[in-house]
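Atoms within each ligand, like the ligands themselves, are counted from 1 in listed order. The chain is numbered in sequence order, starting from 1.
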Amino acid sequence: MTALSIVVPCFNEEACLELLHARLTGAAREAMGDDYEIVLINDGSRDGSWPIMRRLALGDPHLVCLDLSRNHGHQLALTAGLDLARGELILIVDADLQDPPELLGPMLQTMRAEGADVVYGVRRSRSGETQFKKATAHAFYRLLASATEIDLPVDAGDFRLMTRRALNVLLAMPEQARFIRGMVAWIGFRQVPFLYDRADRAAGISKYPLRKMLRFALDALTGFSSAPLKLASHFGLLLSLGSLLIILYILYAFVSGQSIQGWTSLMLVMVVLGAVQMFVLAMMGEYIGRLYSQAKQRPLYIVQEIAGGSGERRGRLGQVAEATANNDSPGGSGTLPIR
Ligand code: UDP
Ligand code: MG
C-alpha cells in the first residue's frame, strides 16, 4: 500500500506532461514525503504522449503509466487509473493543470479536520475558458442537480481527494456509461466542498469538443435521473389541453357559420406533434442504447501496455491485452480474466 495515489487521465497532452510530472511530484513530496505514486493514463493519444510517459517512468520509480488500446474517453480512462491505484488516499486531477496540484496540502487538512471521505473541488472561477463553455457548464450543472434524486454538487469537476473506502465503493459500480463525479456523490459518507479558482490550461487546447460534451451530459442525465422518460406524459397532458381548445374553437366556428382556413393551422399542428414525438423517442433511445451497451457486458477498457510499477499491479486491472513484442516494461505480460 502507498499513502497517496495521484491519478491523471491524459489525451493528446504531450505539451503538458513534463510540467505535470514536475508539479505533481513537488506537491506529493511536500504533503506525503516519499510515500506516493503517480498514475498517468494515456487514453489513446495520437501525439507523442506515450513515448514521453515511458521516458518519464524510466526515470521515476514513483510513476506508473498505462497505455489504453484506443481512446476510451475521459471517464473510462480515469476508471482504468483508479483501478490501478494502490493509495490509501486518492487524488484525481486533470492533465492540463487546471486543477492546481499544490492544493493537495490544504485539501488533506480539510479532510482531516472534517473527518471526510471525499473532499471535492468546487470552481469558484474558471479562467481561460470560453463564454460558451462557462454558460453551458453553468446551466448543465443546475439542470442536472434539479433533475436528479441525489445531492449532486454544482460546479464540481473530477478534481477531488478521496479515501480508499470511498474508492472501493466507486470501483464496485459496474456501469459502462460513467459519470464519475455523480457516482461519487451517490456513494454518500461525509463529502465536503473545497472552493478553488480554476487556472488556465497549461498548454494545448481543450480535449472536450461539443460532441464529447454532449455525450458526457447525456451520460450524466440518463445515469442519474429518469425524469426525461416522464417527458412523454407531460407533453401528452399539454397537447390534450391544446386539443381541447382547438375543438372548442372548431365548434364555435361551425355554429357561427364561419368557414375555417386549413393549411396553416394543420401544418402547425403537424409540425409540433412530429417534433414532440421525435424528441420523446430520442430520449427513450438514449436510455435504450445505454441498456444495450450495459447488457453486452464488455470490459470497460483495454490496456495495451504498462510502463513502470510492479507486475503485481496488473491483477488490479479490468483487462490487459497480450503484451506486444517490443513491450519492455518491467511489469511482465499476460492476459487477465475480465473482472
Ligand atoms: N481526456 C481524456 N480522454 C478524452 C478527453 C479528455 O483522458 O477523450 C482528459 C484530458 O487529457 C484532461 C481531462 O480529460 O486531462 C479533461 O479534459 P480537458 O482539460 O480537455 O477538458 P476541459 O477542462 O476543457 O473541460
Ligand atoms: Mg481542462
Side-chain angles (χ1 to χ4, degrees), residues 5-21 23-24 27 38-50 52-53 56 63-85 90-101 103 120-141 144 154-160 176-182 196-220 300-304 318:
S5 300
I6 304 181
V7 181
V8 194
C10 311
F11 176 56
N12 293 346
E13 301 283 10
E14 61 181 1
C16 293
L17 286 176
E18 304 209 343
L19 181 63
L20 174 75
H21 178 237
R23 282 193 45 197
L24 290 182
I38 298 172
V39 181
L40 301 184
I41 307 96
N42 176 35
D43 186 17
S45 297
R46 288 179 268 275
D47 64 359
S49 293
W50 181 242
I52 297 176
M53 285 187 194
L56 290 172
L63 184 60
V64 193
C65 300
L66 262 186
D67 188 27
L68 299 186
S69 62
R70 60 171 169 80
N71 181 244
H72 283 69
H74 178 201
Q75 302 288 298
L76 289 179
L78 184 53
T79 304
L82 293 173
D83 271 338
L84 188 81
I90 294 90
L91 178 73
I92 303 173
V93 295
D94 279 356
D96 56 6
L97 292 164
Q98 282 194 287
D99 315 317
L103 295 178
Y120 58 91
V122 173
R123 298 145 182 184
R124 187 163 38 199
S125 68
R126 315 165 71 121
S127 63
E129 289 182 344
T130 58
Q131 283 304 325
F132 177 74
K133 174 114 185 177
K134 284 187 201 170
T136 47
H138 185 88
F140 164 67
Y141 284 117
L144 194 63
V154 291
D155 299 329
D158 285 322
F159 182 40
R160 64 193 63 226
Q176 305 255 343
R178 296 175 91 77
F179 179 64
I180 290 179
R181 52 202 74 168
Y196 75 108
D197 297 301
R198 199 153 202 238
D200 278 9
R201 234 181 190 278
I205 53 161
S206 172
K207 305 303 173 320
Y208 261 97
L210 191 61
R211 179 177 48 82
K212 277 187 181 170
M213 259 162 66
L214 266 178
R215 199 194 150 94
F216 184 65
L218 278 170
D219 277 345
L300 294 180
Y301 55 84
I302 310 281
V303 176
Q304 99 183 348

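- Without hydrogens or angle criteria, N71 side chain to G44 main chain gives no donor-acceptor distance under 3.5 Å.
- A donor-acceptor pair is defined here as one N or O able to donate and one able to accept, closer than 3.5 Å; such a pair exists between the side chain of Q75 and the backbone of I180.
- Across all non-hydrogen atoms, the minimal contact from L56 to L17 is CD1-O, 4.2 Å.
- Under a cut-off of 6.0 angstrom, the local environment of CZ in R215 is sparse, with at most 12 non-hydrogen atoms contributed by other residues, nucleotides or ligands.
- Classification of the Y301-H72 ring pair by plane angle, with boundaries at 30° and 60°, yields perpendicular.
- Here the shortest heavy-atom pairing between L97 and L20 reads CD2-CD1, 3.8 Å.
- Between A95 and C16, the shortest heavy-atom distance links the atoms O-CB, 3.5 Å.
- Looking only at distances, a side-chain donor or acceptor of S206 sits under 3.5 Å from a matching main-chain atom of Y208.
- Of all heavy-atom pairs between D43 and R70, the closest is OD1-O, 3.6 Å.
- Using a heavy-atom distance under 4.0 Å as the criterion, the protein contacts of ligand 1 are P9, C10, F11, E13, D43, N71, G73, H74, D94, A95, D96, Q98, K133, R198, R201, S206, K207, Y208, K212.
- Protein N/O/S atoms nearer than 2.8 Å to the Mg ion (ligand 2) total 2.
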